[in-house]
K.L.:
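Dropping a structure here in structure tokens format, bear with me for questions.
All heavy atoms count here, side chains included; hydrogens, waters and symmetry mates do not.
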Amino acid sequence: MESFIQGLLLGFGAAVPVGPVNILIMSYSLKRYALGTGVGLGSMSVDIFYMLLMSFGVLKFLNQPMFLNLLSIFGFLFLLYIAYLTYKSADSLITEDLNLKENSFWSCYTKGVLLNLVNPYIIGFWISVSSFAASSSNALMSLSGLIISIGLWILGLPLVVSKSKRFISQTTAKIFAYVSALLMVVFAFMLIYNTFFKG
């Protein structure tokens, strides 16, 4: 049980901080709960994929400078693209424009997948998790707790945001969209800085 609780705490510690995925979840949850959940499930799918690679000992082979540098460049470009989409949708953030292809569950799921897939820090996180699991008295329980806590977060966050949108004015939503787009740009440049210039 102790291993399970440790896994839960690690999962919440990884899922709760503000980052590109959480910002995108909140943005789409202001439209519909299912869209925010789609982003979250997409990102979680990558977590499960990396967990499987970790279990088979494959993940450490991805921890190579050339691969991580290339991933950072793709991540930079994709974050800028997401920032553009968020900025462009500022006027309709709390309305349901179901005619837009980008407002489908699978479109949001794909964005969630790509956001985590092109983020080299996710690989680093799961490599550190492998060390945590190895030191745990019950690795399976630790990983189960970690996945459950991430799942609870990506289902709970969009629920809270979608239920709150009735109290959010269009002006407030527009400001949120602009701030979200700006944060995405900041994350993009931080990714490049930390990969190529830091240290």
K.L.:
Under 3.5 Å, is there a donor-acceptor pair between the side chain of Thr195 and the main chain of Ile192?
P.N.:
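Side chain of Thr195 to backbone of Ile192, a donor-acceptor pair under 3.5 Å: no, none is there.
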K.L.:
Can you name the closest pair of heavy atoms from Thr86 and Ser27 and give their distance?
P.N.:
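Here Thr86 and Ser27 meet closest at CG2-OG, 4.3 Å.
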K.L.:
State whether the side chain of Asn119 and the backbone N or O of Leu115 hold a donor-acceptor pair below 3.5 Å, judged by distance alone.
P.N.:
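No: the side chain of Asn119 does not pair with the backbone of Leu115.
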K.L.:
Please report the interatomic distance CG(Asn63) to CD1(Ile127), rounded to the nearest 0.5 Å.
P.N.:
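Between atom CG of Asn63 and atom CD1 of Ile127 there are 3.5 Å.
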K.L.:
Any chance you could measure Thr172, atom OG1, to Lys165, atom NZ, to the nearest 0.5 Å?
P.N.:
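Reported to 0.5 Å precision, the distance equals 15.0 Å.
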K.L.:
Using every non-hydrogen atom in the two residues, find where Pro158 and Thr37 come nearest and quote the distance to one decimal.
P.N.:
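So the minimum-distance heavy-atom pair works out to CG-OG1, 3.7 Å.
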K.L.:
Would you name the heavy atoms of Leu80 and Phe189 that are closest together and state the gap between them?
P.N.:
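Heavy atoms only, the tightest pair is CD2-CE1, 4.4 Å.
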K.L.:
Mark yes or no for whether Asn116, through its side chain, and Gly42, through its backbone, hold a donor-acceptor pair below 3.5 Å.
P.N.:
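Judged by distance alone, no pair lies under 3.5 Å.
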K.L.:
Going only through I, L, V, M, F, W and Y residues with side-chain contacts under 4.5 Å, is there a path from Phe67 to Phe56?
P.N.:
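Yes, same cluster.
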K.L.:
Any side-chain heavy atom of Leu146 sitting closer than 4.5 Å to one from Trp126?
P.N.:
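Side chain of Leu146 against side chain of Trp126, heavy atoms only: contact under 4.5 Å found.
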K.L.:
If we only count heavy atoms from C-beta on, is the Met184 to Leu24 side-chain gap below 4.5 Å?
P.N.:
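Met184 reaches Leu24 side chain to side chain.
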K.L.:
Whether the side chain of Tyr33 engages the backbone of Leu155 through a donor-acceptor N/O pair (distance < 3.5 Å, no angle test) should be reported.
P.N.:
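Flag set: sc Tyr33 to bb Leu155 pair under 3.5 Å.
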K.L.:
Starting at CZ of Phe105, measure out to OG1 of Thr110 and round the result to the nearest 0.5 Å.
P.N.:
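Phe105 atom CZ to Thr110 atom OG1 measures 9.5 Å (nearest 0.5 Å).
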K.L.:
Please check if any side-chain donor atom of Tyr121 sits under 3.5 Å from a side-chain acceptor atom of Asn194, or the reverse.
P.N.:
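The answer is yes; a qualifying pair exists.
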K.L.:
Using a 3.5 Å distance criterion without hydrogens, assess whether the side chain of Ser142 forms a donor-acceptor pair with backbone atoms of Ser3.
P.N.:
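The answer is yes, because a donor-acceptor pair under 3.5 Å joins these two groups.
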K.L.:
Indicate the ring-plane relationship of Tyr87 and Tyr178, choosing parallel, tilted or perpendicular according to the 30° and 60° boundaries.
P.N.:
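If you compare the ring of Tyr87 with that of Tyr178, the planes turn out tilted.
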K.L.:
Are Ile25 and Trp106 in one and the same hydrophobic cluster, where Ile, Leu, Val, Met, Phe, Trp and Tyr link if side-chain heavy atoms are under 4.5 Å apart?
P.N.:
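Linked, Ile25 and Trp106 end up in one cluster.
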K.L.:
Measuring from atom NZ of Lys111 to atom OG of Ser43, what distance do you get when rounded to the nearest 0.5 angstrom?
P.N.:
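Spacing of NZ (Lys111) from OG (Ser43) equals 14.0 Å.
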K.L.:
Within a strict 4.5 Å, meaning less than it, do heavy atoms of the Phe74 and Leu117 side chains meet?
P.N.:
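A side-chain contact is absent here, since even the closest heavy-atom pair is not under 4.5 Å.
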K.L.:
Please determine whether residues Leu140 and Tyr50 belong to a single hydrophobic cluster, defined as Ile, Leu, Val, Met, Phe, Trp and Tyr linked transitively by side-chain heavy-atom distances below 4.5 Å.
P.N.:
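No, separate clusters.
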K.L.:
Using 30° and 60° as the class boundaries, would you call the ring planes of Tyr193 and Phe197 parallel, tilted or perpendicular?
P.N.:
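Plane angle under 30°, so parallel.
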K.L.:
Assigning hydrophobic clusters by single linkage (Ile, Leu, Val, Met, Phe, Trp, Tyr; side-chain heavy-atom cutoff under 4.5 Å), is Leu68 placed with Met66?
P.N.:
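No; tracing contacts between hydrophobic side chains, which count when under 4.5 Å, never links both residues.
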K.L.:
Are any non-hydrogen side-chain atoms of Leu143 and Val129 less than 4.5 angstrom apart?
P.N.:
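The answer is yes; the side chains approach within 4.5 Å.
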K.L.:
May I ask you to test the Trp153-Asn22 pair for a side-chain heavy-atom distance under 4.5 Å?
P.N.:
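Yes. Closest side-chain heavy atoms under 4.5 Å.
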K.L.:
Determine whether Phe187 and Ile23 make a side-chain contact, defined as any pair of heavy atoms from C-beta on separated by less than 4.5 Å.
P.N.:
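They are in side-chain contact.
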K.L.:
Could you state the interatomic distance from CG (Leu183) to CE (Met190), rounded to the nearest 0.5 Å?
P.N.:
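Between atom CG of Leu183 and atom CE of Met190 there are 10.0 Å.
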K.L.:
Has Gln64 got more than 12 heavy atoms of other residues, nucleotides or ligands less than 6.0 Å from its CD?
P.N.:
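Count over threshold, so yes.
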K.L.:
Evaluate the side-chain proximity of Pro120 to Leu191: yes if any heavy-atom separation is below 4.5 Å, no if none is.
P.N.:
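The answer is yes; the side chains approach within 4.5 Å.
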K.L.:
With distance as the sole test, does Ser149 use its side chain to make a donor-acceptor pair with the main-chain N or O of Leu8 at under 3.5 Å?
P.N.:
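It does hold such a pair.
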K.L.:
Can you establish whether the number of heavy atoms outside Tyr84 located under 6.0 Å from its atom OH is more than 12?
P.N.:
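At most 12 heavy atoms, drawn from other residues, nucleotides or ligands, come within 6.0 Å of this atom.
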K.L.:
Kindly compute the distance separating OG (Ser180) from CD1 (Ile82), expressed to the nearest 0.5 Å.
P.N.:
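Reported value, rounded in 0.5 Å steps: 11.5 Å.
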K.L.:
With side-chain contact (heavy atoms from CB on, under 4.5 Å) as the criterion, how do Ile147 and Met44 come out once you've worked through the C-alpha distance, each side chain's angles and the decisive distance to 0.1 Å?
P.N.:
CA-CA 8 Å; Ile147 290 297; Met44 187 176 178; 3.4 Å; yes
K.L.:
Using the rule given for side-chain contact (heavy atoms from CB on, under 4.5 Å), can you reason through Lys163 versus Leu159, listing the C-alpha separation, both sets of side-chain angles and the distance that settles it, and then say yes or no?
P.N.:
CA-CA 6 Å; Lys163 293 295 183 183; Leu159 180 63; 3.9 Å; yes
K.L.:
Assigning hydrophobic clusters by single linkage (Ile, Leu, Val, Met, Phe, Trp, Tyr; side-chain heavy-atom cutoff under 4.5 Å), is Leu52 placed with Phe61?
P.N.:
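No: no chain of side-chain contacts under 4.5 Å links Leu52 to Phe61.
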